[in-house]
Amino acid sequence: MPDRPLLVTSALPYANGPLHLGHLAGAYLPADLYVRQQRLAGRDVVWVCGSDEHGAAIAIRARQEETSPQAIVDRYHAELKEAFAGFGIAFDVYGRTTSQTHRETSQSLFRSIEAAGGFVRQTSTQLYDPEAGLFLADRFVVGTCPVCGYDKAYGDQCENCGSTLAPDDLIEPSSTLSGARPERRETTHWFLPLGEMQPQLAEWIGTKEWKPNVLGQVRSWLDGGLSDRAMTRDLDWGVPVPPGVDGETDGKVLYVWFDAPIGYVSMTKEWAEAEGDAERWRRYWQVHPDGTEPELVHFIGKDNIVFHCLVFPATLMAANRAADAAGNAAQPDRPFVLPSNVPANEFLNLEGRKLSTSRGWAVWADEALAAFDADPLRYALAVGLPETKDADFTWADFQNRVNSELADVVGNFCNRALTFAERFCDNAVPELVGPSDADRQMLAALAAAPAEIGRAYQDVRLRDAVAQTVQIARLGNQYLQETEPWKTRKTDEQAMRNTIAVALQVCAGLGILLEPVVPGVAGRLREMLNLEGVRSSERAGTDGLGWDDAGRPLLEPGHALGTPGILVEKVEDEAVEAQRELLRTRAANASPESPTTTASGAEAAEPETPYAPLADEIVFDQFAPLDMRVGRIVAAEPHPNADKLLRFDVDLGFETRQVLSGVREHLAPEDLLGQRVVVVANLKPRTIRGLESNGMILFAEDRDGRLLLVTTDGEPGAIVK
RNA sequence: CGCGGGGUGGAGAAGUGGUAUCUCGUCGGGCUCAUAACCCGAAGAUCGGGGGUUCGAAUCCCCCCCCCGCAACCA
């Protein structure tokens, strides 16, 4: 069973931002640990990843920054690749979805599914921006509300009066992208008929023994009933819908969630080409002619579960069905395998708070690597992986784990054995003669380690695997304490030599067992031991000493050792304090909670986001209908039935009324109490999730999305004009 | 009654019917080969709360509370 070829994937990072510790802990470090161990164990494994470079978010961002999407993805692809390399994340290939191979692969898959009737086409009318040359989502259309005359109503609804609108209802509609007047055009998209495929998917999922968080999520989707999903978009950035399929393909691209997972396939192809055997990718993706199935494992964060457990498998099923239907004898294609495991991780918090890149609450990979080696970071993340629930990364914890476990237990144990050998055994491995019970027990524990720890890796219980590895060094320390070579040196020299011989064998074993977690440390340890011939954990192979060899004595008697030294440096207080300070500073500059006044806050770094363009000119008659009043907030509390809403009682002088506002994630109720704010008082009341909102409180929104109160000294009820 | 995951000594975790385990931290002791490291011992948990099933419940059933994610909502 371990002989089945293994393909591992890590979620493709989206190429519009840099890498942070949360990403690493979710889909990359776990996969790296898993894959390195499998490679050491001699497994035939390929690990693919790459940048996801398509999608509307990148296209829109390029427009806003007045640059090309290609320029954005080029920049972040290079950054991501470098950050991964810095952390020792050893993919076999790191590709990108803008590559030619990927375009061909995803188009060809699309075409064959389409040809076999695997898609359903559905037509609808949508607004089209003739200037920008693309279709617009409703919210990218603004215009004047036919109900209240508000001039910045969106295509789906008016934020002023609450009317639900269709883009067609707007007076003077314009595109937020180009300002052009949108046209109505018909558009047809290709849908994957998930509803129809549900029985197949359910049957397939039913046989799985995946993590509870994954299965729970998937079952929930199935119970709710799957609906068909569009696999194409009207956009000018992405893999074009292949020409030649039945239907209008102009201006249409594949939906990112259709093309990105196929990236796993295309990147495997690119890997195979680089290996000099272009057809070799099939070995890891398709059922072999002899019937053996490769294993496919997706490492992802919990936010990607539905795509990897339902949508992508459905795509592969559709492709397999298409291959069957084609019945093309000339090119009989073998079926794709479906994922055998999807070990999705939960999320990593930072210092007790959720990560938030916009609020500066994140540890960026390059910053962390500027301050620390990759290994200590890898270790601390690995022992605190969010495997079963969200985990918290703190710098205090990082320092503590690295110092008291990696340095004190592992590093110091090796240092004890090596320096003792240097001082009292001529820096060579003594011969084991007439071992004691303690010696035998220590060697037995070492012998059992590879299988036991290997099982933890195999089951993707990575925290456990790492803890068990450290446990070997802990046993080593106990063993040294028990056998007391510093005493037997004077009373029973052979006993001392036996102790050192055994301790050194344990070190040698650790030189392999530590490799998946802290490859740099493991390499240095092997150098100090002068232990050569261990196979690489960075690419698959069977040459040299492997995982299972870690359990047996690897050092011959008389073997000359290298130069002992400090194996793991401690993390100094100042270093972690500097990181905490960095985080604090950045968060203070970005945090909406920080009570900085306008005066002192003005010194803060200016965000790079451009100002929103000025809206179209209006005439006084359009402004006049608004009746705005000063109101004093006399009660503020969360909406009982909505996560983002606050409920206010506002005293308008002549009456007190209830107003709802979607600011819960920006502002704390207690900070708002007693404030005098500006209220749009003649807005038509509307009920939202069970409570009526009678007016609208005005807020100022910064360019980075922060909300601030618009306050005034006026008395409640005062007219604002 | 939206859906899913989780709540175990100060912190982080293991434990799916039979004396509550491990790591860190704390306190006490020991050792000196070693990175003020290591080893031994102790204190510390009525396993989120309440009911129930059982000879026996952290574990099974019911109700409730809290945290995280998804969905909804953001006048």
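Labels below follow one simple rule: chain letters A, B, ... track the order of the sequence lines, proteins then strands, and each chain is numbered from 1.
- Nucleotide B:rA36: unpaired (no Watson-Crick or G-U wobble partner with both distances less than 3.5 Å).
- Rounded to the nearest Å, the gap between the P atom of B:rC66 and that of B:rA72 is 23 Å.
- For the pair A:E346 and A:K389, the salt-bridge criterion is not met [side-chain N within less than 4.0 Å of a carboxylate O].
- The shortest distance between the side-chain N/O atoms of A:R401 and the OP1/OP2 oxygens of B:rA11 is not below 4.0 Å.
- Each of A:F347 and A:N415 was matched to the nucleotide of RNA chain B holding its nearest heavy atom; the match closer to the 5' end belongs to A:N415.
- In the set B:rG5, B:rU32, B:rU35, B:rU35 carries the atom at the smallest distance from any side-chain atom of A:A407.
- Distance A:L348 CG to B:rG5 P: 22 Å, rounded to the nearest Å.
- Residue contacts for A:K211: at a heavy-atom cut-off of 4.0 Å it reaches no nucleic acid atom on any strand shown.
- Remark: A:R463 is not in phosphate contact with B:rU23, judged by side-chain N or O atoms under 4.0 Å from OP1 or OP2.
- Only the P atoms considered, B:rA34 is 16 Å distant from B:rC39, to the nearest whole Å.
- Between A:N694 and A:I566, the residue anchored closer to the 5' end of RNA chain B is A:I566, taking for each the nucleotide with the nearest heavy atom.
- Under the 4.0 Å criterion applied to side-chain N and carboxylate O atoms, A:D649 and A:R647 are assigned as salt-bridge partners.
- A salt bridge does not link A:R455 with A:E452: every distance from a Lys NZ or Arg NE/NH1/NH2 to an Asp or Glu carboxylate oxygen is 4.0 Å or more.
- Rounded to an integer number of Å, the gap from A:N412 CG to B:rU32 C1' is 12 Å.
- Heavy atoms of A:L660 sit under 4.0 angstrom from primed sugar atoms or phosphate atoms, though from no base atom.
- Taking atom CH2 of residue A:W486 and atom P of nucleotide B:rA37, one finds them 17 Å apart after rounding to whole Å.
- Using a 4.0 Å heavy-atom cutoff across all strands shown, A:R474 reaches sugar-phosphate atoms only and no base atom.
- Residues A:C309 and A:W210 are in side-chain contact: their nearest non-hydrogen atoms beyond the backbone lie under 4.5 Å apart.
- For the pair A:D390 CG and B:rG12 P, the computed distance is 13 Å after rounding to whole Å.
- Rounded to whole Å, the P atom of B:rA14 lies 24 Å from the corresponding atom of B:rG50.
- Side-chain atoms of A:R657 come within 3.5 Å of backbone atoms of A:A681 as a donor-acceptor pair (strictly under, hydrogens ignored).
- Nucleotides B:rU8 and B:rA57, compared at atom C1', are 14 Å apart to the nearest Å.
- A salt bridge links A:D408 with A:K570: the distance from a Lys NZ or Arg NE/NH1/NH2 to an Asp or Glu carboxylate oxygen falls below 4.0 Å.
- Taking atom P in both B:rA71 and B:rC47, one finds a spacing of 36 Å when rounded to whole Å.
- A donor-acceptor contact closer than 3.5 angstrom is absent between the side chains of A:N498 and A:E431.
- Side-chain proximity of A:K487 to B:rC31, B:rG5, B:rU23: nearest is B:rC31.
- The residue A:F413 sits apart from the nucleic acid: no heavy atom pair falls under 4.0 Å.
- When the C1' atom is used for both B:rC27 and B:rA43, the distance is 7 Å, rounded to whole Å.
- Nucleotides B:rG52 and B:rU59 are separated by 15 Å at their C1' atoms, to the nearest Å.
- Proximity of A:K389 to the phosphate of B:rG69: no side-chain N or O atom is located under 4.0 Å from OP1 or OP2.
- B:rG12: Watson-Crick or G-U partner is B:rC22, with both key distances under 3.5 Å.
- In the set B:rA14, B:rG69, B:rG5, B:rG5 carries the atom at the smallest distance from any side-chain atom of A:N213.
- Across the P atoms, B:rC38 and B:rG5 are found 40 Å apart, a figure rounded to whole Å.
- One interatomic measurement links the two molecules: CD of A:E569 to P of B:rA36, which rounds to 12 Å at whole-angstrom precision.
- Residue A:G695 is in sugar-phosphate contact alone, with no base atom involved, counting any heavy-atom pair closer than 4.0 Å across all strands shown.
- If you take OH of A:Y479 and C1' of B:rC31, they are 17 Å apart, rounded to a whole angstrom.
- In summary, A:K302 and A:D390 engage in a salt bridge, as defined by a charged side-chain N under 4.0 Å from a carboxylate O.
- Taking a centre distance below 5.5 Å and an interplanar angle below 30 degrees as the stacking criterion, A:F420 does not stack against the six-membered base ring of B:rC33.
- Rounded to a whole Å, the CD atom of A:Q478 is 10 Å from the C1' atom of B:rC40.
- Summarising the base pairing, B:rG41 is matched to B:rC27 through a Watson-Crick or G-U wobble pair whose two defining distances lie under 3.5 Å.
- Across all strands, A:V470 comes closer than 4.0 Å to no nucleic acid atom at all (heavy-atom distances).
- In this structure, A:D392 atom CG and B:rG6 atom P are separated by 19 Å, rounded to whole Å.
- Counting any heavy atom pair closer than 4.0 Å across all strands shown, A:R489 reaches no nucleic acid atom.
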